[in-house]
Amino acid sequence: ERTMQLKNNLYKIIRKEGVGSVVNYAIELIPSCVIYAAHFPGEPITPGVCIVQMGKELVEELLSEQRSTPCKLMITKVKNVKFLSIISPNETLQLTYQVKKLVTSEDGTSVETQLIVLSEEKPMAKISLVLRTV
C-alpha cells in the first residue's frame, strides 16, 4: 500500500487534547499542498478521500502513542461517511478531528473508530471506519 503521507504535506497537527474518552486533534491545512493545485486550481477543495485518510493517520498517531510503538493501519471497511460541508483551505484553515470512539479487537489486530471533523463547532464530516494493523 503506497499512499502519500498527508501529515506535514496536506496538514499539520497543531495540538492534541483529551477530554474524557474523546481525543481532539487540532490540525491546520497546508494550502500550498500539490493536492490543492489539482483539486481545483484557484478553488481548492479538500478531497473526500483525503479527509478520510487524515482521520486514518490521526488514529495511527493516537494508537502509536498509546502503544508506545509505531502503528500502521489499513482501512478494511468504510462503515459510514457523511460529508456535511465543503472543506476549503481558503475558508477553513483549522479543523478539529474528534476521535469519538476507538475500540480495538481482543487480539489487537482490528480497530473500529468514529471520527467527527469540526470547523470550530460546526460538523464538516462524520466518519466510521474499521481498520486493521499492517
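The figures that follow rest on heavy atoms only: side chains count, while hydrogens, waters and symmetry mates do not.
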* **Which atom of Gly42 lies closest to which atom of Asn90, heavy atoms considered** => O-ND2, 4.2 Å

* Count the heavy atoms of every other residue, nucleotide or ligand shown that sit under 6.0 Å from CZ of Arg67, and state whether that count exceeds 12. => yes

* Structure fact -> Applying side-chain hydrogen bond (donor to acceptor under 3.5 Å, both in side chains) to Lys12 and not counting sequence neighbours gives Glu28

May I have the list of side-chain donor-acceptor pairs in residues 115-126 shorter than 3.5 Å, sequence neighbours left out?
from: Lys122; atom 1: NZ; to: Ser85; atom 2: OG; distance (Å): 3.2

* Asked: Taking only residues two or more places apart in sequence or in another chain, which ones pass side-chain hydrogen bond (donor to acceptor under 3.5 Å, both in side chains) with Lys100?
  -> none

* To do: For Cys50 and Leu6, work out which heavy atoms get closest and say how close.
  => O-CD1, 3.7 Å

* To do: Among Val23, Val111, Thr113, find the residue that satisfies the side-chain contact (heavy atoms from CB on, under 4.5 Å) test when tested with Leu62.
  => Val23

* Contact check, side chains of Gln66 and Leu102, non-hydrogen atoms, under 4.5 Å -> yes

* Pro47 and Ile35, any side-chain heavy atoms less than 4.5 Å apart -> yes

* Asked: Tell me, do Val130 and Ser110 make a side-chain contact under 4.5 Å, heavy atoms counted?
  -> yes

* Asked: Can Ser88 and Tyr36 be said to form a side chain to side chain donor-acceptor pair (under 3.5 Å), step by step?
  -> CA-CA 9 Å; Ser88 163; Tyr36 288 128; over 6 Å; no

* Asked: Would you call Lys16-Glu61 a salt bridge at under 4.0 Å N-O?
  -> no

* Flag if over 12 foreign heavy atoms under 6.0 Å of CD1, Ile14 -> yes

